[in-house]
Visitor: 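Would you mind keeping the following structure in view while I ask a few things?
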There are 2 protein chains.
Amino acid sequence: MTENNDTELVGVKEIARRANVSIATVDRVLHNRTGVSLKTKDKINAIIAELDYRPNIMARRLASKKVLRIAVLIPSVSSETDYWDAPLTGVSQAEAEIKAYGITVEKFLFDQNDKASFHAQARNVLKDYYDGVLLAPMFVEESKEFVEACQKRDIPYIFINSDVPGTNCLSYIGPDLYRSGYLGAHLANYLINNEDKILIVNISQEMDNHHHLLRKEEGFRAYFSENGKSMSIAKADIRRTDYPSVKKELTLALQAKDVRLIFVTNSRVSVVSRFLEESGIRDIVLIGYDFIKENIDYLKRQKIDFLICQKPQEQGYRGIMFLYNHLVHSASIDRTYYMPIDIITCENYQFYRN
Amino acid sequence: MTENNDTELVGVKEIARRANVSIATVDRVLHNRTGVSLKTKDKINAIIAELDYRPNIMARRLASKKVLRIAVLIPSVSSETDYWDAPLTGVSQAEAEIKAYGITVEKFLFDQNDKASFHAQARNVLKDYYDGVLLAPMFVEESKEFVEACQKRDIPYIFINSDVPGTNCLSYIGPDLYRSGYLGAHLANYLINNEDKILIVNISQEMDNHHHLLRKEEGFRAYFSENGKSMSIAKADIRRTDYPSVKKELTLALQAKDVRLIFVTNSRVSVVSRFLEESGIRDIVLIGYDFIKENIDYLKRQKIDFLICQKPQEQGYRGIMFLYNHLVHSASIDRTYYMPIDIITCENYQFYRN
DNA sequence: CTGAAAGCGCTTACAG
DNA sequence: CTGAAAGCGCTTACAG
């Protein structure tokens, strides 16, 4: 047995005694600092390995008065949607849990319809020194630029909500978008017949080729083609998010068609529901995204049939905790951490935790 | 402003200085120990309140070499079902996260088909001293007796999986059983027509009047009556859990009836699915409980249509973390913490986290 | 009822 | 390249 069971008894003191050095030298090796002869270093490392030494985190953080600072770069809650309230809540929750351990979390919120505000806040993060960053890379190019700067400074960063492939992030925490669209189709399939018509609705101001809504749409369509169902699927891309615009576009899209089901690829589903209600249309099944106040109102009254949710609060919470575990406990972190794909109905919504 | 922003600078030393006493006396007041004159105590408490003093948890746990011990009293994994593997995993996960802070978790597993084993393990817990207990009160009377003993010793305890009303537990963490049955009915309602027949199946060895499966059945029935649907609902209580017995009973229950949907009130749904498959019955919709290996196999192949899950792993995780937060951070704990009611299908099961 | 001192297991200057 | 000493903010005997 090389294993040591009296873990509690092994500390820097014991290592120093065995290596015939002072604890300061042990500390230097432990933190990979310079100023230790290779010979001493090797000897100490051997002892550390042999004893399977685990540093006492509490003593470490107590002695080193250093406070670890985490920066959070996510969209602010807007009048349009309070979706980002959930991740923020999760962040704050994690913050409360770990602040006793000397961790500080600072929030930099930007306007998700305004690239410049993202850029400005990213610059603010870089102006100061942070030990880790959690961000929602809403703007792909700008985000890439930002994380490259982080990389240069050796600042670890984690993405939530959507991923940016090709970066060196510590982790991506969020949905598997394709799969969630696929599931949406599967649910749809329960509620309609083969000959029914489907309308996919994308409502978003910003919409480039990498947009994550398109991944959901892909998944949605894939379900039907993979299962040999040749449903008739129409599509409406709506770029203006105000109600009159949406109304106009929807009216157009539904004209002369016999749509039985609408799949809205994001949280704007409540606007669609409002339109259907005001138009007195009652026989269209509605599936959309996200557990937000506006949507729940319609879900309750069964105007929306299903909401697909991806635990935005937990994304924020996990993001901070991953960073904390990485920085404090040197824990290894999953490169991608997919959120569960939750289905919310009027029956279970009261038990849902975002 | 009575608030103090330099929280970091306020410690026992500062309090002692202001009160003109030694830090030992401050410590006595902080921990409500005897041996301090009322006058001194009041003075110190006033200062503590005024400064909004928050003890440094790391220093506290480091100085007090005392290790906090938590006992976990839950069923063991049996050959019949590995359901309890999930809570155990959650417990271990929490344990790993907090062991650096001087918390120890000891597991006492019992056989859920054997009251005597519960009794024996409960006695083992009481023999030693623990600072907190997490238990699944599978046997109501025995559990009541046990927690009364805890109460007498001032040991806080938390229930998971099912509640025991009338006790003084710190918290109940688990499903709202009635609601989950209600949801089961709601899902059922999507998949069948008004004239279709339903069969409720309870499979359990132990089954008294307080049994939690009955709460699910109640909820299930309530949905239909509350929504004015007069479905024909039959019921099969199966007390022997081996396959031949279940097969016999199911054959009987399905005889001469035109059952379109079966609702199994617990994780034994896989046995029912096996029966249906072996009997070549393909047109019966099947809804049941729990994300366990046996069930997932059938779910994947769409032999089971829906599984309702209640995050057993998180129940174990939360249970330990609640106790930890209570013991270490003196955090206030929710008296009941209902788990979300998750719906699992063949599409989203791979993203489900138990 | 109260206080001075040692110590928890580390890190941080500082001195050599 | 290395070590002795002070200190992080508490708790724990021990002495009075």
Side-chain angles (χ1 to χ4, degrees), chain A residues 4 6-45 47-48 51-68 99-103 327-330, chain B residues 4 6-45 47-48 51-68 99-103 327-330:
Chain A
N4 190 295
D6 300 280
T7 314
E8 299 312 322
L9 298 177
V10 175
V12 284
K13 217 189 283 180
E14 172 66 8
I15 296 170
R17 198 185 60 73
R18 297 206 190 195
N20 253 312
V21 297
S22 73
I23 56 170
T25 299
V26 174
D27 193 65
R28 285 183 186 100
V29 174
L30 243 20
H31 294 283
N32 222 355
R33 293 198 198 93
T34 56
V36 183
S37 73
L38 191 59
K39 198 179 148 192
T40 316
K41 186 173 172 176
D42 286 346
K43 198 208 293 184
I44 292 175
N45 271 328
I47 295 172
I48 287 171
L51 296 180
D52 188 28
Y53 165 72
R54 310 290 170 94
N56 182 317
I57 301 299
M58 294 183 294
R60 176 175 283 182
R61 303 231 20 88
L62 183 61
S64 130
K65 297 277 316 174
K66 198 190 165 210
V67 166
L68 293 174
K99 83 163 171 227
Y101 303 118
I103 319 293
L327 296 171
V328 173
H329 296 284
S330 310
Chain B
N4 191 296
D6 300 280
T7 315
E8 300 309 323
L9 298 179
V10 175
V12 283
K13 217 188 283 179
E14 172 66 8
I15 296 170
R17 197 185 62 70
R18 296 206 189 196
N20 252 312
V21 296
S22 72
I23 58 170
T25 297
V26 173
D27 193 66
R28 285 183 187 99
V29 173
L30 242 21
H31 294 282
N32 221 356
R33 293 197 199 94
T34 56
V36 183
S37 73
L38 190 60
K39 198 180 146 192
T40 316
K41 187 173 172 176
D42 286 347
K43 197 207 295 184
I44 293 174
N45 272 328
I47 295 171
I48 288 171
L51 296 180
D52 189 28
Y53 166 71
R54 309 292 170 92
N56 182 316
I57 300 299
M58 294 184 294
R60 176 176 282 183
R61 303 233 19 90
L62 182 63
S64 129
K65 297 278 314 174
K66 199 188 161 210
V67 166
L68 292 174
K99 84 164 170 226
Y101 303 119
I103 318 293
L327 295 170
V328 173
H329 295 284
S330 309

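The analysis underlying the following values was restricted to heavy atoms, covering all of them including side chains, and did not include hydrogens, waters or symmetry mates. Just so it is clear: chains get the letters A, B, ... in the order the sequence lines come, proteins before strands, and each one is counted from 1.
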Visitor: List the atom of A:Ala59, the atom of A:Asn56, and the distance in Å for their closest heavy-atom pair.
Guide: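 Closest approach of A:Ala59 to A:Asn56: N-OD1, 3.0 Å.
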
Visitor: Taking both distances under 3.5 Å as the test for a Watson-Crick or G-U pair, what stems of at least three pairs does DNA chain C have?
Guide: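 If one scans DNA chain C for consecutive Watson-Crick or G-U pairs, the stems found are C:1-3 with D:14-16, C:5-12 with D:5-12, C:14-16 with D:1-3.
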
Visitor: Which residue lies toward the 5' end of DNA chain D, A:Val21 or B:Pro55, if each is placed at its nearest nucleotide?
Guide: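 This one resolves to A:Val21.
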
Visitor: Side chain of A:Arg33: nearest nucleotide among C:dT12, C:dG9, C:dG3?
Guide: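 In terms of side-chain proximity for A:Arg33, the closest of C:dT12, C:dG9, C:dG3 is C:dT12.
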
Visitor: Nearest whole Å is fine: how far is D:dC8 P from A:Met58 CE?
Guide: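 In whole Å, D:dC8 P lies 18 Å from A:Met58 CE.
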
Visitor: Could you tell me how far apart A:Ile44 (CD1) and D:dT2 (C1') are, to the nearest whole angstrom?
Guide: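 After rounding, the gap between these two atoms is 10 Å.
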
Visitor: Is the shortest heavy-atom distance from the side chain of B:Glu14 to the side chain of B:Val26 under 4.5 Å?
Guide: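 B:Glu14 does not reach B:Val26 side chain to side chain.
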
Visitor: Checking A:Arg61 side chain against A:Gly102 main chain: does a donor-acceptor pair fall under 3.5 Å?
Guide: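 Such a contact is found between A:Arg61 side chain and A:Gly102 backbone.
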
Visitor: Can you tell me if the side-chain N/O atoms of B:Ser22 get under 4.0 Å from OP1 or OP2 in C:dA4?
Guide: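 Result: no.
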
Visitor: Base, sugar-phosphate alone, or nothing: which one does B:Arg61 contact when heavy atoms must sit under 4.0 Å apart?
Guide: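 If one applies the 4.0 Å heavy-atom cut-off, B:Arg61 turns out to touch nothing in the nucleic acid.
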
Visitor: Roughly how many Å is it from OH in B:Tyr53 to P in D:dG9, rounded to a whole number?
Guide: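 Distance check: B:Tyr53 OH to D:dG9 P gives 10 Å.
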
Visitor: Using a 4.0 Å heavy-atom cut-off, does B:Thr40 contact any base of the nucleic acid, only the sugar-phosphate backbone, or nothing at all?
Guide: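 If one applies the 4.0 Å heavy-atom cut-off, B:Thr40 turns out to touch the sugar-phosphate alone, with no base involved.
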
Visitor: Can you identify which nucleotide, out of D:dG9, C:dT12, D:dG3, has its nearest atom closest to the B:Leu62 side chain?
Guide: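 Minimum distance to the B:Leu62 side chain belongs to D:dG9.
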
Visitor: Could you give the NZ-to-P distance, from B:Lys65 to D:dC10, as a whole number of Å?
Guide: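 Distance check: B:Lys65 NZ to D:dC10 P gives 18 Å.
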
Visitor: DNA chain C: B:Ala59 or B:Ile23, which has the more 5' nearest nucleotide?
Guide: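 Checking each residue's closest nucleotide, the 5'-ward one belongs to B:Ile23.
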
Visitor: Could you state the atom-to-atom distance from CG of A:Asn56 to P of C:dG7 in whole Å?
Guide: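 From A:Asn56 CG to C:dG7 P: 18 Å.
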
Visitor: Select one nucleotide: of D:dA13, C:dT12, C:dT2, the one nearest the side-chain heavy atoms of B:Ala24.
Guide: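 Out of D:dA13, C:dT12, C:dT2, the nucleotide with an atom closest to B:Ala24's side chain is D:dA13.
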
Visitor: Quickly work out the A:Asn20 CG to D:dG3 C1' distance and round it to whole Å.
Guide: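 So the CG-C1' distance, A:Asn20 to D:dG3, works out to 13 Å.
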
Visitor: Whole angstroms only, please: what is the NE2-C1' distance between B:His329 and D:dC10?
Guide: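 Spelled out: NE2 on B:His329 to C1' on D:dC10 is 15 Å.
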
Visitor: If you check every side-chain atom of A:Arg60, which of D:dG3, C:dC10, D:dC1 has the closest atom?
Guide: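 Of all the options, the side chain of A:Arg60 is nearest to C:dC10.
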
Visitor: What's A:Leu30 touching, base or sugar-phosphate or nothing? Going by heavy atoms closer than 4.0 Å.
Guide: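 No contact.
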
Visitor: Could you check whether the side chain of A:Arg54 and the base of C:dG9 have a donor-acceptor pair of N or O atoms closer than 3.5 Å, going by distance alone?
Guide: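 Check fails, no donor-acceptor contact within cut-off.
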
Visitor: Which atom pair, heavy atoms only, marks the closest approach of B:Arg28 to B:Gly35?
Guide: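 Taking B:Arg28 first and B:Gly35 second, the nearest heavy atoms are CD-O, 4.2 Å.
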
Visitor: Counting side-chain heavy atoms from C-beta on, which of C:dC10, C:dC8, D:dG3 comes nearest to A:Lys13?
Guide: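 Between C:dC10, C:dC8, D:dG3, the one nearest the side chain of A:Lys13 would be C:dC8.
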
Visitor: Which nucleotide, C:dG9, D:dT2, C:dT2, lies nearest any side-chain atom of A:Arg28?
Guide: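 Selected nucleotide (nearest to the side chain): D:dT2.
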
Visitor: Picking from D:dT2, C:dT2, D:dG7, which would you name as closest to the side chain of B:Ser37?
Guide: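 Selected nucleotide (nearest to the side chain): C:dT2.
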
Visitor: So A:Tyr101 and B:His329, would you call those rings parallel, tilted or perpendicular, with 30° and 60° as cut-offs?
Guide: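 Perpendicular: the ring planes of A:Tyr101 and B:His329 meet at over 60°.
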
Visitor: Side chains of B:Asn45 and B:Ile48, heavy atoms from C-beta outward: is any pair under 4.5 Å?
Guide: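 SC-SC contact between B:Asn45 and B:Ile48 confirmed.
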
Visitor: Would you say the side chain of B:Tyr53 lies within less than 4.5 Å of the side chain of B:Val12, judging by non-hydrogen atoms?
Guide: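 Side-chain contact under 4.5 Å: yes.
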
Visitor: Contact class for B:Ile57 vs. all strands (heavy atom < 4.0 Å): base, sugar-phosphate, or nothing?
Guide: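 Answer is nothing: B:Ile57 stays at 4.0 Å or more from every strand.
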
Visitor: Answer yes or no: is there a donor N or O on one side and an acceptor on the other, between the side chain of A:Lys43 and the main chain of A:Ala19, under 3.5 Å?
Guide: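 Between the backbone of A:Ala19 and the side chain of A:Lys43 there is a qualifying donor-acceptor contact (under 3.5 Å).
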
Visitor: Nearest whole angstrom, please: distance from the P of C:dG9 to the OH of B:Tyr101.
Guide: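 Spelled out: OH on B:Tyr101 to P on C:dG9 is 17 Å.
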
